[in-house]
Amino acid sequence: MAAAHGSSAAEVFDALGAAYETAFADSAAHRASLDGLLAELEPGSRVLDVGSGTGRPTAQTLAAAGHRVLGLDVSPVMVELAARQVPGAEFRRADVRELPLPQEEFDAVCVYFSLLQMSRDEQRDLLARLHGALRPGGRLVVATVPLDVEGVTGLFMGQEVRVTSFGADAFEALVTGAGFTVLARESVLFTPSHPAATPEPHLFLRARRD
């Protein structure tokens, strides 16, 4: 779960560091999402990981399978951790909202919980730009916390964050409205491994750029 106001997203995830990876390491739904993506990728595919965090499990899993991974994250601590833990991938510190994306460059894009720090308009705009960055037939895997909330402040793993999201059906409509066809949808309840964590609904979608 990524978000922040008061404290920026970079500040929140700088503070969490490796604890974030530990808290979400047991997410079977995340790994199942990656397995579904791997089954559809051609060897040596080019993959963009938006909000790459510590690099595990997403970038590590994809790089180990022989794919060329570029990870983007706003947190310098996360970028440093990822580069050290997953030397087979490339990581850059960047805010994807401001970063120009090349057209039809990637075979797949992963966006695991990194939209929650953005406004609804920013989420809508980014999904449209990611559609353009994918080659025709390319895959999108995206996960969010499917709650109908906008600018709500709360505590996440001891950090004050401000999140914006959509309900499950509205989020799927957001993805299809950006030009994707949804191929798979999974909803789960997951409790991160952290003393301050509470159960969270998670929604995973796998989609195709037509």
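Computation of the quantities below employed the complete heavy-atom set of this structure, encompassing side-chain atoms and omitting hydrogens, waters and symmetry-equivalent molecules.
Identified under the salt bridge (Lys or Arg N to Asp or Glu O under 4.0 Å) test for residues 55-65, with sequence neighbours left out: Glu21-Arg56. Sorted by first and then second residue, the salt bridge (Lys or Arg N to Asp or Glu O under 4.0 Å) pairs involving residues 132-142 (not counting sequence neighbours) are Glu40-Arg139, Asp107-Arg135. Pairs engaging residues 165-178 under the side-chain hydrogen bond (donor to acceptor under 3.5 Å, both in side chains) rule: Thr144-Ser165, Asp169-Arg185, Glu172-Arg185 [sequence neighbours left out].
Within the 4.5 Å cutoff, side-chain heavy atoms of Tyr112 are placed close to those of Val141. No side-chain heavy atom of Gln60 sits less than 4.5 Å from a side-chain heavy atom of Gln85. A 4.5 Å side-chain heavy-atom check between Cys110 and Leu62 finds at least one atom pair inside the cut-off. Taking 4.5 Å as the limit, some side-chain heavy atom of His30 sits within range of a side-chain heavy atom of Thr58. Residues Phe106 and Leu130 fail the side-chain proximity criterion, which asks for heavy atoms closer than 4.5 Å. Between Ser33 and Glu186 there is no side-chain heavy-atom pair separated by less than 4.5 Å.
Residues satisfying the salt bridge (Lys or Arg N to Asp or Glu O under 4.0 Å) test with Asp121, not counting sequence neighbours, are Arg124. Contacts of Phe166 classified as ring-ring contact (aromatic ring centres under 6.0 Å, His included), with partners at least two apart in sequence or in another chain: none. Take Arg209 and apply the side-chain hydrogen bond (donor to acceptor under 3.5 Å, both in side chains) test, not counting sequence neighbours, and it matches Glu104. The side chain to side chain contact (heavy atoms under 4.5 Å, CB included) test applied to Pro201 returns Val145, Pro146, Leu147, Leu189, not counting sequence neighbours. Residues meeting the ring-ring contact (aromatic ring centres under 6.0 Å, His included) test with Phe91, sequence neighbours left out: none. Residues that satisfy the salt bridge (Lys or Arg N to Asp or Glu O under 4.0 Å) test with Asp26, not counting sequence neighbours, are absent from this structure. Residues forming a salt bridge (Lys or Arg N to Asp or Glu O under 4.0 Å) with Arg120 (at least two apart in sequence, or on another chain): Asp148, Glu150. Under the ring-ring contact (aromatic ring centres under 6.0 Å, His included) criterion, Phe190 pairs with Phe24, His202, not counting sequence neighbours. For Thr191, the side-chain hydrogen bond (donor to acceptor under 3.5 Å, both in side chains) criterion is met by no residue, not counting sequence neighbours.
Between the side chain of Thr164 and the backbone N or O of Gly151, at least one donor-acceptor pair lies under 3.5 Å. At distances below 3.5 Å, not a single donor-acceptor pair connects side-chain atoms of Arg92 with backbone N or O atoms of Leu72. Judged by distance alone, the side chain of Arg129 and the main-chain N or O of Leu99 form a donor-acceptor pair under 3.5 Å. Side chain of Ser114 to backbone of Val50: a donor-acceptor contact under 3.5 angstrom is found.
Val47 and Leu38 fall within a single hydrophobic cluster, where Ile, Leu, Val, Met, Phe, Trp and Tyr side chains are chained together by heavy-atom contacts under 4.5 Å. Hydrophobic clustering (side-chain heavy atoms under 4.5 Å, transitive across Ile, Leu, Val, Met, Phe, Trp, Tyr) groups Val175 together with Met118. Val96 and Val79 are not part of a single hydrophobic cluster, where members link through side-chain heavy atoms under 4.5 Å apart. Criterion: ILVMFWY side-chain heavy atoms under 4.5 Å apart, direct or through other members. Under it, Leu34 and Val86 are not part of a common hydrophobic cluster.
Closest of all the heavy-atom pairs between Phe171 and Val142 is CZ-CG2, 3.7 Å. Residues Pro192 and Thr198 come closest through the heavy atom pair CD-O, 3.6 Å. Between Gly88 and Ala63 the shortest heavy-atom distance is O-CB, 4.0 Å. For the pair Val69 and Ala59, the tightest heavy-atom approach, listed with the atom from each and the gap, is CG1-CB, 4.0 Å. Of all the heavy atoms in Phe180 and Leu140, the pair that sits closest is CE2-CB, 3.8 Å.
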